Amino acid sequence: MRSPLLNKLSVIFGPRPPVSWLLLCFVSVLALIAVFGSSSSNSFDSVTSTPVPEIFTNYRRLKEQAAVDYFELRTILSGSSRQRELGLCCKERENYVPCYNVTANLISGFKDGEEFDRRCEVPRQGSWCLVRPPKDYKIPLRWPAGRDVIWSGNIKITKDQFLSSGGVTKRIMLLEENQIAFHPEDGLIFDGVKDYSRQIAEMLGLGSDSELFQAGVRTVLDIGCGFGSFGAHLVSLKLMTLCIAAYEATGSQVQLALERGLPAMIGNFISRQLPYPSLSFDMVHCAQCGIVWDKKEGIFLIEIDRLLKPGGYFVLTSPTSKPQGSSTSMKKRNMLTPLEQYTEKICWSLIAQQDDTFIWQKTADAHCYSSNKKNDVPLCKEGYDAPYYQALVPCISGTSSKRWIPIQNRSSSSDLSSAELEVHGVSPEDFFEDLQVWKLALKNYWSLLTPLIFSDHPKRPGDEDPLPPFNMVRNVMDMNAHYGGLNAAFLEERKSVWVMNVVPVRAHNTLPLILDRGFLGVLHDWCEPFPTYPRTYDLLHANGLLSHLTSERCGLMELFIEMDRILRPEGWVVLSDKLGVIELARAHATQIRWDARVIDLQNGSDERLLVCQRPFVKK
């Protein structure tokens with residue numbers, strides 16, 4: 001069926017318009033694109049400012065017809081130059097993770113674990129393809145059912161790997177051939193996760209693990225999280241727990257945790273800093289995580305010290321067996337001697353030891369490092385904090401930061417106090433306005449997350465749009481998070497989601513503020529792939545990011561291919577930006593087979609929404 005615009009063109013020009021008229025139209029469209037493009041070439045801070053949207057219903061399909069006609073006209077004029085849909089990658093790439101080519105790293109001479117480090121290369125245009133889901137892939141169950149039962153065909157872990165795994169965070173059971181079931185939190189816990197968590201709380205002097213939040217522990221970095229049982233339990237206690245583990249070609253801990261709806265990303269302790277700023281987490285946990293902490297002159301412990309907030313805890317469950325006489329005690333003694341030496345140098349105190357578990361506390365006194373006579377680890381230069389995969393450094397950082405506030409003295413709310421906002425250079429008015437804007441924006445977004453938006457069936461006048469269920473999505477990524485306002489809005493609306501707040505490396509670094517709110521976040525360069533496995537997020541959101549990237553060294557097509565890789569089948573994308581770049585993004589979305597719709601916010605600005613859904617393509 002032809003659009004009204006095509007009919008009008010046929011009447012004016014006839015069935016075959018003159019070449020001169022087509023050329024004139026083409027030049028006119030180029031002029032329009034230049035005008036729209038110039039409006040999006042401002043500095044990154046200007047494009048990341050949050051627009052004030054209006055509530056809209058019934059999708060306003062007729063009111064977006066002008067944008068649709070503009071896109072169709074450009075498509076007509078492009079003729080044979082129109083890009084084709086991208087093909088699917090080969091079956092071997094079903095679990096492809098860029099930047100982790102272990103074989104190539106070994107050939108290049110990297111060893112001693114450095115072959116597992118992240119190294120990114122610019123992809124060639126001829127190699128573009130869309131990562132397909134496995135043959136037996138099924139849409140994950142909704143939260144919280146998906147936390148306890150997952151489809152075995154969705155992950156690259158064999159049955160033998162499951163049956164051979166053990167340890168406090170790894171024991172699971174198989175229900176059927178195509179399902180893997182984890183012990184539910186409200187039933188019998190055979191793997192001892194609840195007992196283990198309660199033991200840690202008691203070692204900290206608390207009555208139960210439900211008091212961890214009140215004791216200042218809100219964010220936990222879980223290193224080598226196994227199959228995520230410990231993190232799943234902490235999430236039930238309202239503690240934001242991020243699992244990190246090294247890249248694994250098979251048997252991935254990160255992939256499995258994300259499949260369960262638990263926060264996770266690829267990260268390791270080898271030669272580079274993790275992409276989080278100093279003073280990021282209240283607790284770091286390692287249960288048989290396989291890291292030799294006294295290796296390389298204790299530089300891994302120095303990295304933990306950088307990540308811990310003042311007064312934070314390092315919990316280590318050692319790989320030794322349970323005590324059975326003096327021989328085990330001697331083994332522990334030998335293991336702890338070098339650790340005790342290094343931890344004393346960096347002003348940590350061993351505050352508790354029980355069975356195989358040891359807890360150290362980082363000092364809350366910033367002057368301890370300079371006054372400690374045993375300390376031969378120098379302080380980093382003032383202002384040093386560039387943690388985007390930089391080399392590990394043997395110096396203590398964060399001591400001169402205004403954010404040096406013991407976790408016991410911090411606000412327990414995500415709404416920071418005026419004094420805490422002042423540390424980040426943010427006014428309370430700006431902070432409050434940002435939250436109100438995103439509360440309204442989330443209502444708009446939520447009303448659009450339905451396949452009806454792509455349907456041509458007219459809705460009856462006055463009908464309200466059906467809203468998706470509260471647990472429709474679980475794993476959410478905000479690709480340009482600013483203050484974390486979208487995350488806060490999700491919490492206020494009681495949606496069953498967690499948000500990975502991403503701050504682009506060339507944006508104003510608001511990640512410390514996001515982390516101080518008790519949220520999770522990471523620094524990332526969107527000219528590179530994100531460190532995660534395919535099909536791990538239900539919803540991707542970006543406000544103002546596309547305008548920024550059009551002026552960067554990377555192209556939008558590479559970004560869209562990466563978004564398609566990490567998005568689950570039937571997952572959603574919501575992009576907010578200037579009209580010109582949104583139309584360009586719509587063309588890319590069509591090329592990678594997404595259903596896409598441009599939404600006019602009807603607020604008098606040239607801001608538009610692009611709402612997309614990735615189809616379930618298997619062939």
Side-chain angles (χ1 to χ4, degrees), residues 27-56 59-61 63-75 77-78 83 433-434 437-438 440-442 444-445 448 453 477-483 485-486 502-504 506-508 510 526-527 540-560 562-563 572-592 594 596-612:
V27 171
S28 301
V29 171
L30 286 180
L32 283 173
I33 294 173
V35 171
F36 291 131
S38 63
S39 67
S40 63
S41 60
N42 300 327
S43 66
F44 188 39
D45 287 342
S46 66
V47 298
T48 55
S49 60
T50 308
V52 181
E54 302 287 343
I55 290 290
F56 49 85
Y59 312 124
R60 307 184 185 273
R61 291 179 55 89
K63 294 183 180 181
E64 60 171 295
Q65 189 62 48
V68 174
D69 288 345
Y70 164 75
F71 176 74
E72 288 182 355
L73 177 60
R74 194 177 63 188
T75 303
L77 295 174
S78 64
Q83 298 288 338
E433 180 185 354
D434 182 78
V437 164
W438 285 111
L440 188 58
L442 180 60
N444 291 342
Y445 294 167
L448 296 172
I453 191 176
M477 178 184 289
D478 193 351
M479 301 169 68
N480 186 21
H482 197 42
Y483 296 156
L486 182 64
V502 182
V503 176
R506 278 175 287 279
H508 176 59
T510 55
W526 280 117
C527 293
L540 304 178
H541 169 261
N543 175 47
L545 178 67
L546 303 185
S547 291
H548 168 57
L549 290 182
T550 53
S551 62
E552 290 292 327
R553 58 185 169 85
C554 55
L556 289 187
M557 195 62 206
E558 288 90 344
L559 176 67
F560 272 72
E562 173 61 8
M563 291 166 67
W572 292 89
V573 176
V574 179
L575 305 174
S576 174
D577 224 302
K578 308 291 185 184
L579 175 59
V581 74
I582 283 293
E583 283 297 349
L584 180 60
R586 182 184 183 180
H588 289 325
T590 303
Q591 197 176 345
I592 60 174
W594 290 354
R597 176 72 68 190
V598 176
I599 302 295
D600 187 344
L601 295 176
Q602 299 295 311
N603 60 2
S605 74
D606 65 344
E607 297 282 340
R608 297 291 187 273
L609 287 183
L610 180 65
V611 181
C612 309

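Remember, predicted model here, so these are calculated numbers, not experimental data.
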Any His482 side-chain heavy atom under 4.5 Å of Asn543 side chain: no
Closest approach of Leu448 and Trp572, non-hydrogen atoms and distance? O-CZ3, 4.0 Å
Can you tell me how far apart NE2 (His548) and CZ (Arg506) are? Round to the nearest 0.5 Å. 5.5 Å
Determine the minimum heavy-atom distance between His508 and Val503, stating which atoms define it. O-CG1, 3.8 Å
Pair Arg608 + Asp600: basic N to acidic O under 4.0 Å: yes
Once rounded to the nearest 0.5 Å, what's the spacing between atom CG of Leu610 and atom CG of Leu546? 8.5 Å
Show your reasoning for whether side chain to side chain contact (heavy atoms under 4.5 Å, CB included) applies to Ile599 and Asn444. CA-CA 11 Å; Ile599 302 295; Asn444 291 342; over 6 Å; no
Spatial distance of atom CZ (Arg586) from atom CZ (Arg597) [nearest 0.5 Å]: 6.5 Å
Taking side chain as C-beta onward, heavy atoms only, is Leu556 less than 4.5 Å from Val581? yes
If you define the side chain from C-beta out and look only at heavy atoms, does anything of Met563 sit under 4.5 Å from Ile592? no
Taking all atoms of both residues into account, what is the closest heavy-atom pair of Met479 and Ala542, and its distance? CB-CB, 4.0 Å
Rounded to the nearest 0.5 Å, how far does CG of Leu486 lie from CG of Asn480? 11.5 Å
Spacing of CH2 belonging to Trp526 relative to CG belonging to Leu545, to within rounding of 0.5 Å: 7.5 Å
Got a second to check how far Leu575's CG is from Cys612's SG, nearest 0.5 Å? 6.0 Å
For Phe560 and His588, take the angle between the two ring planes, folded into 0 to 90°, and tell me which bin it lands in: parallel under 30, tilted 30 to 60, perpendicular over 60. tilted
Can you find a heavy atom in the side chain of Glu607 that is under 4.5 Å from one in the side chain of Lys578? yes
